Amino acid sequence: MQEALLSTLFLHVHCEHTVHVCVQAVTLCTERGSQETGTEVHLIALLHSCYKNPFKVTALNNGLQQGRSARTSNVFFLCVTVYKMTTITSSRGHTEVVSARRTDLRDVSDIISLFSHFTEDVFGRIDVMHLLEKSNLSLTLCNEKNEVIAHAVFLDYPNWNITDQSDWESFLHKNYLNNKCTPLNTLFMHLFVAKEEYAAGCSQEIIRRVFIEIPELQFILLFIPADENLEPGLESAFEKMITAPGSAVDTNFTLLMSPRHRYHPQLHVRKARLEDYNDLMPIWTRQSETLKETYSEYFLADIIEHQDEENQAVVCEAGDTVVGFMSLCSQVDVSLFHACFDLGPFHGLCKPHPEDVLKAPQEPSIPEDEDKSKQTSQEAESISSQNVERISDQDAAVQKGELTTISHTELLLDDITHKDFKASAAPLLETEEKDTFRPVYRGASNAVCIRLFCIDEKYETRSLDFLHYVFKLFPDKDFCIILVPHHVPEFCLIRSFVRVVPYFTTQLGHELYVFHRAGLLKSFTVRRATTNDIPGVKMLIKTLSLNESILNDLKIFTSARRDPDGTPVQAFIAEVLDQIVGISVIRDEMDIEYIRTHYNIEDFIHFNYHEQEEHGHLNHFALNPIFHHYTKHFLKEILRLAHKSCLYYPIYPQYTEAKFQNPRAHSLTSALHYMVPVRPRRQIVYPLEELGINAPSEQVSKDQPSYSLNHINRKLITESKTSINSRIVVVGASDVGISFLETLVFCPHLKFNNLTLISIHGLPGKDLPASKHRRFLINSHCFNDEDYAQMSLCSWVNVVVGKMTGINRTAKYVVISKQRKVPYDYLVLCTGQKYQVLSPTGADISKLPTNRDVLSEWPQRYTGKVPSNHFNLNDDQDCLQALHWLEENIVNSEGNIIVYGNTIDIYTTVETLLSLGINGSRIHLVQPPLTSDVTCLNNSEIESAVQEALSEAGVSVYYDSILAQWSKGDDPDLITCAAFTTNTEPFKLQCSAFFSFAYRTVDYETFKAINDACLVFDGRLVIDTEFHTNDVSIRAAGSLTKYSRKYYADEWTHSNFNSKEIGFELATSMLNLFDPTLKPFSKPPEGMDSLIPMYKGCKIKGGVLPRGCNYLHISKPEIPIQLDIELALSDHGMEIITGKARHGNYFRMHINKYSMVDSITCFSKTPFPVSNYICLYGQHERLLNDLHYRWNEGQITDLYSYFREPWSMAIYHDQFIDLKKELRQILLSEQVPEPPPERLADERPLPPEPVLRYLRRHRPHLPMYAPAAGERGAGGAAGRARL
């Protein structure tokens, strides 16, 4: 059969406001028995001309992205932005150029200043802050000076208390004629204010912008008292609705309506004709050179002229003007998509066929496979602990008057955001796909493809109007698809489509978006569940893993409306044409004080404006994927019907999996895509015994399983996230890599769809907290188990388990374990350095060699097979494996354990071995020659205490020893003895287990992959100050890297800095590529670009050393120097030391010459609050309760107890830094408040107002501070801290 050319070209030409021009050309070939390939490379051209009017033109992206596959051609992308504002005219004939934006809380005072005598008469008494917090949409008009000249607020229920907010729809139908208002298409105006002379123009512009912002909106309603008239500016915007006969509502209130068709009407769509060419040419002439070179001068005319049954072209009209164009083709080779995308939810875009293979063959001997057979993609298997299931709609529902049916084929119930939600407690993605089942579809294609699309930006939000006509043109097709390159920003049309999850190994280079014809139905309604819904819900969710939990919760609601413990429960049903397509169950959030104090929820809401009962807890949310674009409306209706303002959804970590099996189980939710992850707050570690009755409440200090919190509220419902489809691949789950991913994930206005982590053992934090194996290695304290649980990176990041063994920079993919290929657009390397297997020098100890004889050959990497009792510990999984091996083979047997190295990990490992019950006489600590004058502890007192502890435990210690040989006995896989050379005579030790910490460098396979890819490697991977390698698409950070020699800073590397800060800065540098809200970095001053950045975060290391002493060292970023030499420097500052290391109560604090805390060292038998002490770094000693003065006066004998005193708690608070910034700003502005009036002689002066305000705001965390005079209740400040 003749090959069908399927070409896709998207063009958005925006003629007003911000203008985006996006041109993309993709060529796919449909192979019908032919082996021919696609067309060759298209010529890439830039836009050389723009509008003739003097708009500001900014090139956003003139870089070129290319995506290739076996059957795809190159892609070009171009984006130009033109800024234009709207002009309004005042009643006096003056003009003002204005722009609309979302209202900011900083506008409140300006909004109040616009109030007039009409405002209270028409809208009632208004608390602006409260209204903004509860609003669905609030818009502000500003002039060119950024002055607020108008403001309006819209909610989804009436603006006067006429009827209950959950019942207004029936109220309107009962009392008004010709009423077509539904919760889907209606909003109510709750406030409008404007400068009087511009009120008419502002009201028209705001209403127009609201209709543009919300495509589904058809009506804006406004109730006003019957005896009041609208202010002159609003009269022209509304028309009165006619009341029903016999209705008494008109005696009290008048209902006014503003319909869409007067401001931003739906577009008329029809088939394209040749005469449309002239209307469309202004769009194409601006791209004439590009299009001529890509296709031909008459390309558009050819498309219009040569239409047939399979190839159609349509246009949309606004009035008599053509403003948009779409070309479609019904000949789609879906087999290509089967190989690249998980199309299981959409039946492979094929018609049902009797020979379809939808499930993997069952193997009775492996019961687990039953669940796995339900998974429809590699990613679903890897990223979800929840199975992906199907529902079958046997009875097709047909909407009268439209060629639309709901799911006459099997469609996937979107239990996990159509797998956009990667899911908590996720098993990791293995690099092998041999066990992965992919369905086989034998039916005909059931999709029509958009080949070319363009629309005027003024009408861009009406893009979906095309699809009504498209499905009429192709009545036998149920799906409309569109293929978009990864780097193309998401535009309005595809926001209503469902993104299809690609297989992680696909190299197509494009995103596939799908829309089902049933998605056009407007009869999507949400209501409370009833007992009669149980059979329908049961059918809907019958294949979901948590179907029993959902049904149980539904039955609780229908029978009792609350749990046995009294917690209110509510259940809601989503219906289309009387068919249940969604279910949601919520409860009242009973733990709201815990959420407030443990998460930064006030980044999104002002807590004091939300009542306790307005916070809801989302337990279940399931929605058919063809109605995925109604998710926000479903959530909005849940909030309205339940009288809630906020919803919270927790994700628990893998090790609390049992949590999901209880009656309060949480099903994985498709709503997660629209929710925002909430950053956790650092918690104060309270000395509860010392605080006594002044300790915080149990709600604040209680210990409960940590979880990741996601949130949505009324304001966020109408705010869209920017989806980023660029493939960002991170190699290495180091602290830098985790910090990088954390920063991207917690961007509330961005959603990264293609984040991938490649790691040997997957994500950290999968094991139970406080596991023994964690003690083997020193801790950087960048992240702990609670942090990993509260991030839930597995919900957002694809995890590929494997090792990077190659990089193809030309084709842009990473090779994993020499087999699989993971494509990327941006590659981030942060593997760090690892302990490597050290090769023995091979010296013959019978000849009594010394270190001098072998140093030239040491150290070297071991290239043979690693013995099974040789351990290199680099992460938690290595430690866990070593622990299991020791428990099985060593703990209850005889034999020596050799610990070899001179890093601090040797001491933590020895202590862990001792804690396992291994006798110290069996442990031999062998230290090679030092390569630096600075020891790992760099503190002679602590070193002496550690050596004393080793001696007491019976551990043998050997110094300056180089591994010469290891020999194998009967078992060639085991080391039986090891020989070492020294500066004098060699020695030999029997060996049952060998732990090596002597050789730390870049992993050889990582080095080989980097080197073979021709990335500059000079001992480490070379980068510049912006983390760039010599490839613009590859960045790197962490101990893997070094700065280029051009900076003349060889001693400074990322190893000298805090890894978490490095990861954050790396992410910040990359966000400039994706975040449209960020301003571009200004160029550094001349000469400054040759300086390396100096980061400020402290370096931390901690662990448990011999004798069970807890060790912590916090220091500034620096090049290591011996402590004795540092103490001798003239500008060293001062030391404060209490206790003795040998007694296990040592605390050393260094105060630099600027009176700032520069370093902290703790060595204690008693555990101490590490997170509290980290907060002390960088503080001025005066903030520490006049530390220097008290030390000199002899008032401090124990720093441990000193920093447990109540006064210090405020310093440990996570928002103490904000107070410092505010006080500093006051000092810099010299606006120091005047002293208060005279006080009684026995009264202490009050602290500054910002301090009092800080204490009042954070009283749940800081109840130990006595309120100021006038705020105190009975009892005063007894037993409390005072400032």
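Every value quoted in this text rests on a predicted model; they were computed, and no experiment measured them. Any value given below was found using the heavy atoms of this structure, including those in side chains, with hydrogens, waters and symmetry copies removed.
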Undergrad: Is Glu1061 reaching over with its side chain to a backbone N or O of Lys1096, donor-acceptor style, under 3.5 angstrom?
TA: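 Between the backbone of Lys1096 and the side chain of Glu1061 there is a qualifying donor-acceptor contact (under 3.5 Å).
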Undergrad: Do the ring centers of Phe497 and His629 come within less than 6.0 Å of each other?
TA: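 Between His629 and Phe497, which both carry aromatic rings, the centre distance is not below 6.0 Å.
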Undergrad: Taking the side chain as every heavy atom from C-beta outward, state whether Tyr1254 and Asp1218 have any pair of such atoms under 4.5 Å apart.
TA: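 Counting from C-beta outward, Tyr1254 and Asp1218 never come under 4.5 Å.
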Undergrad: Can you name the nearest heavy-atom pair linking Lys721 to Pro748, along with the distance?
TA: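 What the structure gives for the nearest pair is CE-O, 3.6 Å.
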Undergrad: Keeping Asp107 on the side-chain end and Asp104 on the backbone end, is there a donor-acceptor pair under 3.5 Å?
TA: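 The answer is yes, because a donor-acceptor pair under 3.5 Å joins these two groups.
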Undergrad: Ring centres under 6.0 Å, that's the criterion: do Phe1216 and His1258 meet it?
TA: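 Ring centres of His1258 and Phe1216 not closer than 6.0 Å.
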Undergrad: Just one of Ile162, Thr254, Leu256 clears the side-chain contact (heavy atoms from CB on, under 4.5 Å) bar with Phe223, so which one?
TA: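 That would be Ile162; it is the only one of Ile162, Thr254, Leu256 passing the side-chain contact (heavy atoms from CB on, under 4.5 Å) with Phe223.
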Undergrad: Using every non-hydrogen atom in the two residues, find where Gly201 and Ile88 come nearest and quote the distance to one decimal.
TA: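 Smallest heavy-atom distance, with atoms named: O-CG2, 4.0 Å.
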Undergrad: For Cys646 and Asn713, which heavy atoms make the closest approach, and how far apart are they?
TA: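 Shortest heavy-atom contact: SG-CB, 4.0 Å.
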Undergrad: Once rounded to the nearest 0.5 Å, what's the spacing between atom OH of Tyr1095 and atom CZ of Phe1064?
TA: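 Result: 11.0 Å between the selected atoms.
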Undergrad: Check whether more than 12 heavy atoms from other residues, nucleotides or ligands sit under 6.0 Å from atom CD of Glu196, and answer yes or no.
TA: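 Counting neighbours around CD of Glu196, 12 or fewer heavy atoms of other residues, nucleotides or ligands fall under 6.0 Å, so no.
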Undergrad: Please walk me through it: do Ile455 and Phe466 pass side chain to side chain contact (heavy atoms under 4.5 Å, CB included)?
TA: CA-CA 10 Å; Ile455 193 167; Phe466 273 103; 4.2 Å; yes
Undergrad: Taking the six-membered ring where the residue is Trp, are the ring centres of Phe1074 and Tyr826 under 6.0 Å apart?
TA: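 Under 6.0 Å, so yes.
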Undergrad: Does Leu139 reach the side chain of Leu141, with side-chain heavy atoms less than 4.5 Å apart?
TA: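 In short, these two side chains do not touch, never coming nearer than 4.5 Å.
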Undergrad: His486 and Asn753: side-chain donor and acceptor closer than 3.5 Å?
TA: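 Short answer, no.
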Undergrad: Taking the six-membered ring where the residue is Trp, are the ring centres of Phe123 and Phe118 under 6.0 Å apart?
TA: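 No, too far apart.
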Undergrad: Do you know which two heavy atoms are closest between Pro677 and Val745, and how far apart they sit?
TA: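 So the minimum-distance heavy-atom pair works out to CG-O, 3.4 Å.
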Undergrad: Contact between Phe219 and Thr186 at the side-chain level, heavy atoms closer than 4.5 Å - yes or no?
TA: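 They are in contact (side-chain heavy atoms under 4.5 Å apart), so the answer is yes.
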Undergrad: Would a distance-only check, ignoring hydrogens and angles, find a side-chain to backbone donor-acceptor pair under 3.5 Å from His606 to Asn608?
TA: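 Flag not set: sc His606 to bb Asn608 has no pair under 3.5 Å.
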Undergrad: Students often mix this up, so state it plainly: with edges at 30° and 60°, are the rings of His711 and Tyr648 parallel, tilted or perpendicular?
TA: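 If you compare the ring of His711 with that of Tyr648, the planes turn out tilted.
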Undergrad: Determine yes or no for a side-chain-to-main-chain donor-acceptor pair under 3.5 angstrom, with Asp465 supplying the side chain and Leu267 the backbone.
TA: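 Between the backbone of Leu267 and the side chain of Asp465 there is a qualifying donor-acceptor contact (under 3.5 Å).
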Undergrad: Kindly compute the distance separating CD1 (Ile212) from CG (Leu217), expressed to the nearest 0.5 Å.
TA: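 Taking CD1 in Ile212 and CG in Leu217, the distance rounds to 12.0 Å.
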Undergrad: Evaluate the criterion side chain to side chain contact (heavy atoms under 4.5 Å, CB included) for residue pair Leu222 and Phe253; output intermediate values, then yes/no.
TA: CA-CA 10 Å; Leu222 170 63; Phe253 290 94; over 6 Å; no
Undergrad: Where the side chain of Trp168 meets the backbone of Asp156, is there a donor-acceptor pair that is under 3.5 Å apart?
TA: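 Yes; judged by distance alone, with no hydrogens or angles, the pair exists.
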Undergrad: Would you say Arg125's side chain and Glu120's backbone share a donor-acceptor pair under 3.5 angstrom?
TA: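 Answer holds: no.
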Undergrad: Roughly how far, to the nearest 0.5 Å, is the NE2 atom of His615 from the CD atom of Glu611?
TA: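 Those atoms lie 8.5 Å apart.
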Undergrad: Let me confirm one number: the CD1-OH distance from Ile207 to Tyr263, rounded to the nearest 0.5 Å.
TA: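 Between atom CD1 of Ile207 and atom OH of Tyr263 there are 4.5 Å.
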Undergrad: Roughly how far, to the nearest 0.5 Å, is the CD1 atom of Ile214 from the CZ atom of Phe154?
TA: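 If I round to the nearest 0.5 Å, the distance is 8.5 Å.
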Undergrad: Decide yes or no on salt bridge (charged side-chain N to carboxylate O under 4.0 Å, His left out) for Arg1256 and Glu1249, but give the supporting numbers first.
TA: CA-CA 10 Å; Arg1256 284 195 298 268; Glu1249 176 57 30; 2.7 Å; yes
Undergrad: Looking only at side chains, do Thr103 and His151 share a donor and an acceptor under 3.5 Å apart?
TA: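 There is such a pair (donor and acceptor under 3.5 Å, judged by atom type) between the side chains of Thr103 and His151.
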Undergrad: I'd like to check Ile149 versus Val98 (side-chain heavy atoms, cut-off strictly below 4.5 Å). Are they in contact?
TA: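 Touching, per the 4.5 Å side-chain cut-off.
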Undergrad: Report the distance from atom CG of Leu131 to atom CE of Met129, rounding to the nearest 0.5 Å.
TA: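 Here the interatomic distance stands at 11.0 Å.
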Undergrad: For residues His610 and Ser645, is any side-chain donor paired with an opposing acceptor at under 3.5 Å?
TA: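 Distance-only check passes for His610 and Ser645.
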Undergrad: Between Lys195 (side chain only) and Ser90 (backbone N and O only), is there a donor and an acceptor less than 3.5 Å apart?
TA: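 Side chain of Lys195 to backbone of Ser90, a donor-acceptor pair under 3.5 Å: no, none is there.
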Undergrad: Between Leu750 and Pro1076, is there a side-chain heavy-atom distance shorter than 4.5 Å?
TA: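 Answer yes - side chains close enough.
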Undergrad: With no hydrogens and no angle check, is any side-chain donor or acceptor of His264 less than 3.5 Å from a backbone partner on Arg208?
TA: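 Checking the backbone N and O of Arg208 against the side chain of His264, no donor-acceptor pair under 3.5 Å is found.
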Undergrad: Quick one: do the Thr95 and Thr87 side chains pair a donor with an acceptor below 3.5 Å?
TA: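 There is no such pair between these side chains.
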Undergrad: Within the side chain of Ser203, is there an N or O that forms a donor-acceptor pair under 3.5 Å with the backbone of Ala200?
TA: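 Between the backbone of Ala200 and the side chain of Ser203 there is a qualifying donor-acceptor contact (under 3.5 Å).
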Undergrad: Is it the case that over 12 heavy atoms from other parts of the model lie below 6.0 angstrom from the CG atom of Asp320?
TA: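 No, the 6.0 Å shell around CG holds no more than 12 heavy atoms from other groups.
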Undergrad: Compare all side-chain heavy atoms of Glu216 with those of His633 and state whether any distance is below 4.5 angstrom.
TA: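 Side chain of Glu216 against side chain of His633, heavy atoms only: no contact under 4.5 Å found.
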Undergrad: Are any non-hydrogen side-chain atoms of Asn136 and Lys636 less than 4.5 angstrom apart?
TA: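 Yes, side chains in contact.
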Undergrad: Quick one: side-chain contact (heavy atoms from CB on, under 4.5 Å) partners of Pro215, sequence neighbours excluded?
TA: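 side-chain contact (heavy atoms from CB on, under 4.5 Å) list for Pro215, sorted by chain: Thr461, Arg462.
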Undergrad: Quick one: does any side-chain atom of Arg260 pair with a main-chain N or O of Phe211 as donor and acceptor, under 3.5 Å?
TA: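 Yes, the answer is positive, given that a donor and an acceptor are paired below the 3.5 Å cut-off.
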Undergrad: Is the shortest side-chain N to carboxylate O distance from Arg714 to Glu133 below 4.0 Å?
TA: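 Salt bridge between Arg714 and Glu133, a charged N being under 4.0 Å from a carboxylate O: no.
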Undergrad: For Ile1217, does the CD1 atom sit with more than 12 other heavy atoms under 6.0 Å from it, leaving out its own atoms?
TA: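 12 or below, so no.
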Undergrad: Between Leu1071 and Phe752, what is the shortest heavy-atom contact and its length?
TA: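 Reported closest heavy-atom pair: CD2-CZ, 3.9 Å.
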Undergrad: Output side-chain donor-acceptor pairs under 3.5 Å for residues 227-241, partner residues at least two apart or in another chain, one line each.
TA:
unit_1 : atom_1 : unit_2 : atom_2 : d
Ser236 : OG     : Gln204 : NE2    : 3.1
Glu239 : OE1    : Arg262 : NH1    : 3.1

Undergrad: Would you sort out whether Cys316 and Val323 count as a side chain to side chain contact (heavy atoms under 4.5 Å, CB included), showing the intermediate values?
TA: CA-CA 6 Å; Cys316 61; Val323 296; 3.7 Å; yes
Undergrad: Let's go through Arg1253 and Glu1222 carefully: what are the C-alpha distance in whole Å and the side-chain angles of both, what is the deciding distance for side chain to side chain contact (heavy atoms under 4.5 Å, CB included) to 0.1 Å, and is it a yes or a no?
TA: CA-CA 11 Å; Arg1253 188 165 58 246; Glu1222 184 176 1; 2.3 Å; yes
Undergrad: Side chains of Leu137 and Arg102: does their closest heavy-atom pair fall under 4.5 Å?
TA: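 When only atoms from C-beta onward are counted, Arg102 and Leu137 do touch, with a gap below 4.5 Å.
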